[in-house]
Amino acid sequence: MGKLDGQVAVVTGAGKGIGRAIALRLAADGAAVVVNYCHSSDAAEKTAEDCRALGVDAVAVMADVSTMEGADALMKEALKMSGRIDILVNNAGRTKDSLLLRMKPDDFDTVVKTNLYGTFYCMKAVSKIMLKQKYGRIISISSIVGLRGNVGQMNYSASKAGILGLTKSMAKEMASRGVTVNAVAPGMIETDMTRAMTEEAHAAMEKEIPAGRIGAPEDVACAVAFFASREAAYVTGQVLAVDGGLAV
Ligand code: NAP
C-alpha cells in the first residue's frame with residue numbers, strides 16, 4: 001500500500017528533469033499521475049510509461065500552461081482519470097538569461113508568462129476542483145534565485161519570487177478548506193536547465209554549495225512528496241529550500 005493510493009496528481013512539465021523525478025516519486029507512493037508537457041512528447045510518454053511500470057495509472061497530456069486555456073484543458077483531461085485531482089505540482093519553468101542592459105522585454109514576458117502566470121493559471125484552474133473535494137495539495141517549484149536574486153536572471157528571479165507571493169496568499173485563502181499550498185526552492189540541480197550553463201559558471205556555483213555537490217532531481221522530489229502527503233495537513237504557506245545549504 002502506498003501513502004498516496006487512490007489519489008490523482010498533476011505534474012506540469014514532467015517529461016524530463018525535476019518534473020520527471022517528481023512524477024516517478026508520486027507514482028512510487030501510489031498516486032495516478034498526469035504527466036504534462038508542452039513540447040517534449042516522447043519524453044512525457046516515457047515518463048508516463050515508467051510511472052505505469054510502478055503499478056499506477058499515468059497519462060501524458062499536452063498543454064501549454066502559460067495560457068489560461070491550456071491550464072483549464074489540462075485539469076479537464078486530468079479529471080477524466082477518476083473525477084478528482086488531489087495533488088498539483090507546478091513545476092513547468094524556463095529561463096532566458098541575460099544582463100538587464102541586454103534583456104529584451106520579450107525575454108521578460110516569456111519567462112514570467114511560463115513560470116508565474118503558468119503557476120497562477122494552474123492554481124486557478126484546480127482551485128474549484130479542490131474546494132469541492134475539500135482536499136488538495138498544491139506544491140510549486142520556486143528557486144533560491146527567487147529568494148536571493150541572481151546576476152543575469154532578473155526575469156527568472158522575479159517569476160520565482162512571484163510564485164512565493166502566490167503560494168502564501170493562496171495558502172491563506174484555502175487553509176480552512178482542506179487545501180494546503182506550499183513551495184519548494186531548489187538550489188542547483190543537475191538537469192538540462194543547468195547543463196546549459198557554461199562550464200565556468202557551473203564550477204563556480206558548485207564550489208559555493210556547502211554540501212559539496214550539485215543536487216539530483218530526486219532530492220527535490222522527496223521534499224515535494226512530503227508536502228503532497230496527507231500527514232502534511234497542518235503545513236501550509238511554507239517555502240522549503242532544497243539546496244545543500246547554498247542559501248543559508
Ligand atoms: P528542464 O529540464 O528544462 O524542464 C523544464 C520543464 O518545463 C520541461 O519539461 C518543459 O516541458 C516544461 N515547460 C516549459 N514551458 C512549459 C509550458 N508552457 N507548458 C508546460 N510545460 C512547460 O528544467 P528543470 O531543471 O527540470 O526545471 C524544473 C523546474 O525547477 C522549473 O520550474 C525550474 O525553474 C525549477 N528549478 C530548477 C533548478 C535547477 O537547478 N535545475 C533550480 C531551481 C528551480 P517541454 O519540454 O515539454 O516544453
Side-chain angles (χ1 to χ4, degrees), residues 2-96 110-111 113-115 117-119 121-123 125-126 129-130 136-141 143 184 186 189-196 215-225 227-228:
K3 283 199 287 195
L4 302 177
D5 278 358
Q7 298 200 14
V8 177
V10 175
V11 184
T12 67
K16 53 186 185 153
I18 294 171
R20 173 181 157 81
I22 293 168
L24 289 170
R25 172 57 196 259
L26 298 179
D29 285 349
V33 184
V34 176
V35 176
N36 162 250
Y37 68 95
C38 189
H39 305 98
S40 310
S41 69
D42 289 354
E45 292 295 349
K46 172 81 172 91
T47 300
E49 190 186 316
D50 292 346
C51 288
R52 287 193 292 271
L54 293 166
V56 298
D57 276 351
V59 285
V61 175
M62 202 294 281
D64 178 355
V65 299
S66 69
T67 68
M68 190 68 236
E69 297 73 32
D72 275 333
L74 173 60
M75 301 315 158
K76 214 167 144 197
E77 273 306 305
L79 281 176
K80 288 184 185 163
M81 282 197 111
S82 64
R84 53 185 300 120
I85 300 174
D86 301 281
I87 300 160
L88 165 66
V89 183
N90 292 306
N91 166 79
R94 56 180 302 172
T95 50
K96 236 170 188 292
T110 315
V111 169
K113 261 281 178 203
T114 305
N115 303 1
Y117 279 67
T119 299
Y121 293 144
C122 287
M123 284 174 161
V126 89
I129 299 159
M130 289 184 172
R137 299 280 182 266
I138 297 174
I139 304 106
S140 301
I141 308 301
S143 167
V184 174
I189 309 296
E190 191 72 49
T191 68
D192 285 356
M193 196 175 270
T194 43
R195 280 190 281 268
E218 292 72 21
D219 290 320
V220 180
C222 77
V224 171
F227 284 133

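Starting from 1, each residue takes its place in the sequence as its number. Predicted, not measured: the structure shown is a model, and the values here were computed from it.
- Under the 3.5 Å distance criterion, the side-chain polar atoms of N36 are matched with a main-chain donor or acceptor of G13.
- Shown here for G70 and A63, the closest heavy-atom pair between the two residues is O-CB, 3.5 Å.
- A 4.5 Å side-chain heavy-atom check between N91 and V220 finds every atom pair outside the cut-off.
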Q | Audit row: E77, V34, side chain to side chain contact (heavy atoms under 4.5 Å, CB included) steps and yes/no | A | CA-CA 9 Å; E77 273 306 305; V34 176; 5.8 Å; no

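- Across all their heavy atoms, P217 and T191 have their closest contact at CG-CG2, 4.2 Å.
- To the nearest 0.5 angstrom, L24 atom CG is 11.0 Å from D29 atom CG.
- At least one side-chain heavy atom of V126 sits under 4.5 Å from a side-chain heavy atom of I138.
- Within the 4.5 Å cutoff, side-chain heavy atoms of L79 are placed close to those of I85.
- Residue A48 comes nearest to V59 through the heavy atom pair CB-C, 4.1 Å, listed as atom of the first residue, atom of the second, then distance.
- Using a 4.5 Å heavy-atom threshold, the side chains of D86 and R137 count as separate.
- A search for side-chain contact (heavy atoms from CB on, under 4.5 Å) contacts involving S40 returns K16, A43, not counting sequence neighbours.
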Q: I would like to know whether I141 and V224 meet side chain to side chain contact (heavy atoms under 4.5 Å, CB included); could you show each step before the answer?
A: CA-CA 9 Å; I141 308 301; V224 171; 3.9 Å; yes

Q | Check against side chain to side chain contact (heavy atoms under 4.5 Å, CB included), T194 and I189 | A | CA-CA 7 Å; T194 43; I189 309 296; 5.6 Å; no

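- One finds the CZ atom of R20 at 9.0 Å from the CD atom of E218 (value rounded to the nearest 0.5 Å).
- Scanning all heavy atoms of the two residues, the minimum distance from M81 to V33 falls at CE-O, 4.1 Å.
- Across S140 and N90, no two heavy atoms sit closer than the pair OG-ND2, 3.0 Å.
- Counting heavy atoms from C-beta on, the side chains of M75 and Y121 never come closer than 4.5 Å.
- Interatomic distance, N115 CG to T95 OG1, rounded to the nearest 0.5 Å: 8.5 Å.
- Applying the 6.0 Å contact sphere to CG of D42 captures no more than 12 heavy atoms from other residues, nucleotides or ligands.
- Put simply, the side chain of I18 does not reach to within 4.5 Å of the side chain of M193, judged on heavy atoms.
- Nearest heavy-atom pair, A14 versus T47, reported as atom, atom and distance to 0.1 Å: O-OG1, 3.2 Å.
- A 4.5 Å side-chain heavy-atom check between D72 and K76 finds every atom pair outside the cut-off.
- Considering only residues two or more places apart in sequence or on other chains, A228 meets the side-chain contact (heavy atoms from CB on, under 4.5 Å) condition with L26, I87, I139.
- Partners of K46 under the side chain to side chain donor-acceptor pair (under 3.5 Å) rule, at least two apart in sequence or in another chain, are D50.
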